[in-house]
Amino acid sequence: MPRQFLHKLSAITRAKDWRLSFVPFIMGCVYLWLWWFRLPFSLQIIWLTFLSLVTTVGFASLGYFINEFFDKASDAKAGKINNLTHLSVLLQLAIFLLTVALTFLPWLWLPHTALTWVLIALQIGLYLVYSLPFPRLKEAVYLSLPVDALYAYVVPLMLSFYTFSLIAGAPGFPVWLYVFATAVLFIGLRNIIIHQVVDVLKDERTGHRTLPMTLGVTSTHRLIFIVAAYEIFLIALWSVVMCTGEPVFLLWLIPYAFIGFLTLRTIAAEHYSVHSDILLINRAYQYLFPLLMLVFAITHHSGWLMLLLLHVWLLVPFYILVKVKEFLKVNFYRGVTFVTVDVRHAFSMTVNLPVYYFFRLFGVDLVKEKKSGWEYLLGKLGKGKS
């Protein structure tokens, strides 16, 4: 029974949509705060970090539940399966109360102020104005985009940072955070535009007019490129700012810049299938970013290694781990070959051959002597002494 309930909860809250995308990025931000504030490794900080994960899951599942609940009519019109319609009212209520508990119970322990509740109220309010029959901004061609980006990325980011600034005893928002938040806004905008492109046929059946339907294929493709370009530029700019105080941040900036370049090049080449080429940049946020932030935290205190293991277990899909294993295996053998063959050959060409021909100038053939230059000189010096 508990397993079936959890399965239904996962389906209704569309956990597949956020567990491996939204949650890993927000937790990556949490790991960044741990490192940035140099928070000590202690049971209290571990407990608060765990509660941050719980409330993050709570907010995500609550948002999707609200959206699913108020989508019943439009889903039926589009012939789309709505998981809530197959459940009794009592079970729907139980799932709703569970998502509320996951969202709010952690705040009995997490530090908070009046600003905390303002940010939480803003988050819930955005869920409601997006999904409710009125004003239902989900169906507003232009307003739906910033609302979705705000509740999916920006508000959770600001709430997360502010909470850990309270834990660190340094409440406030540094200038670099505004650059980061603006960049994250563009990540959200790009994701929702692509989501609308993917759902365009379903939206046509319901009569729901979205931005891609309004702009057309060419203009939507151009908009995705522009939004992605701003996103990548701002994340890179924020990373450069971080590097000025923390040079180790280059470990994130360099691969991100390369991935960003590849993403923009692919978007520019794709005119009809704009959703497939974004996976690379999204994987940078889902996997590379949180894992690197954890590595940074581990350099401050090795105890955070336990978080690395927990994160990989909960938030990295198994097929990614298999691919990483295959990548490391292949490149290990490549590295061995490089050292044993390529480096040895290069050394021979740049050192051994010049030494060989240098001795030939004096009538000495080291190959016939079956000696290295050093061994030949030592032999001659030994004879001279005797």
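Residues Pro290 and Pro24 share a closest heavy-atom pair of CB-O, 3.5 Å. Closest heavy-atom contact between Ser52 and Phe164: OG-CE1, 3.3 Å. Between Ser160 and Trp33, the shortest heavy-atom distance links the atoms OG-NE1, 2.7 Å. What you find for Pro146 and Leu189 is that their closest heavy atoms are N-CD2, 3.8 Å. Contact detail for Tyr256 and Ala284: the closest heavy-atom pair is CD1-CB, 4.5 Å. Summarising the geometry of Trp252 relative to Ser239, their closest heavy-atom pair is NE1-OG, 3.0 Å, with the distance given to 0.1 Å.
Between Leu211 and Thr220 there is no side-chain heavy-atom pair separated by less than 4.5 Å. Taking the side chain as every heavy atom from C-beta outward, Ile281 and Glu231 approach each other to under 4.5 Å. Using a 4.5 Å heavy-atom cutoff, the side chains of Ile167 and Ile45 are in contact. Tyr153 is not listed as a side-chain neighbour of Ile26, based on a closest heavy-atom distance of 4.5 Å or more. Here the side chains of Leu150 and Leu122 are not in contact, with every heavy-atom distance at 4.5 Å or above. The shortest distance between side-chain heavy atoms of His301 and Pro40 does not fall below 4.5 Å. Taking 4.5 Å as the limit, some side-chain heavy atom of Phe65 sits within range of a side-chain heavy atom of Leu84. Contact check for Leu177 versus Trp238: no side-chain heavy atoms found under the 4.5 Å cut-off.
Two different hydrophobic clusters hold Phe261 and Val240 under the rule that ILVMFWY side chains link at heavy-atom gaps under 4.5 Å. With hydrophobic clusters built from ILVMFWY side chains whose heavy atoms lie under 4.5 angstrom apart, Val312 does not share a cluster with Val295.
Applying the 6.0 Å contact sphere to OH of Tyr230 captures no more than 12 heavy atoms from other residues, nucleotides or ligands. Dense packing is recorded around CD of Glu246, with more than 12 heavy atoms of other residues, nucleotides or ligands lying under 6.0 Å away.
Rounded to the nearest 0.5 Å, atoms CG (Leu102) and CG (Leu97) are 11.0 Å apart. Rounding to the nearest 0.5 Å places NE2 of His208 at 9.5 Å from CG of Asp71. To the nearest 0.5 Å, atoms CD (Gln123) and CD1 (Ile120) are separated by 9.0 Å. Distance check: Leu105 CG to Leu51 CG gives 10.0 Å after rounding to the nearest 0.5 Å.
A donor-acceptor distance shorter than 3.5 angstrom exists from the side chain of Thr214 to the backbone of Thr210, with no hydrogens or angles considered. Here the side chain of Arg209 pairs a donor or acceptor atom with the backbone of Met213 at under 3.5 angstrom. Between the side chain of Thr55 and the backbone N or O of Gly58, no donor-acceptor pair lies under 3.5 Å.
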Next on the checklist: Please evaluate residues Leu110 and Thr116 with respect to the criterion side-chain contact (heavy atoms from CB on, under 4.5 Å), reporting the C-alpha separation (whole Å), side-chain torsions for both, the decisive distance (0.1 Å), and the verdict.
Outcome noted: CA-CA 10 Å; Leu110 288 168; Thr116 303; over 6 Å; no
Next on the checklist: Between Leu137 and Ser144, does the side-chain contact (heavy atoms from CB on, under 4.5 Å) criterion hold? Intermediate values first, please.
Outcome noted: CA-CA 5 Å; Leu137 296 182; Ser144 62; 5.5 Å; no
Item to check | side-chain contact (heavy atoms from CB on, under 4.5 Å) between His311 and Leu291, intermediate numbers included | outcome: CA-CA 8 Å; His311 181 96; Leu291 292 176; 3.8 Å; yes
Next on the checklist: Go through it in stages, so that I can follow the logic: the residues are Tyr64 and Glu68, the test is side-chain hydrogen bond (donor to acceptor under 3.5 Å, both in side chains), and I'd like the CA-CA distance, side-chain angles, deciding distance and then a yes or no.
Outcome noted: CA-CA 6 Å; Tyr64 273 95; Glu68 195 82 354; over 6 Å; no
Item to check | Derivation and outcome, side-chain contact (heavy atoms from CB on, under 4.5 Å), residues Val57 and Met27 | outcome: CA-CA 10 Å; Val57 169; Met27 290 310 297; over 6 Å; no
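Only one option out of Phe249, Trp36, Trp304, Tyr31 pairs with Phe296 in a ring-ring contact (aromatic ring centres under 6.0 Å, His included); it is Phe249. Exactly one of Trp176, Tyr178, Phe180 qualifies for a ring-ring contact (aromatic ring centres under 6.0 Å, His included) with Phe161. That residue is Trp176.
At a cut-off of 3.5 Å, with distance as the only test, a side-chain donor of Tyr162 or Thr113 sits close to an acceptor on the other residue. No hydrogens or angles considered: nothing links the side chains of Asn191 and His195 as a donor-acceptor pair under 3.5 Å.
Salt bridge absent: Lys138 and Asp148 never bring a charged side-chain N and a carboxylate O closer than 4.0 Å.
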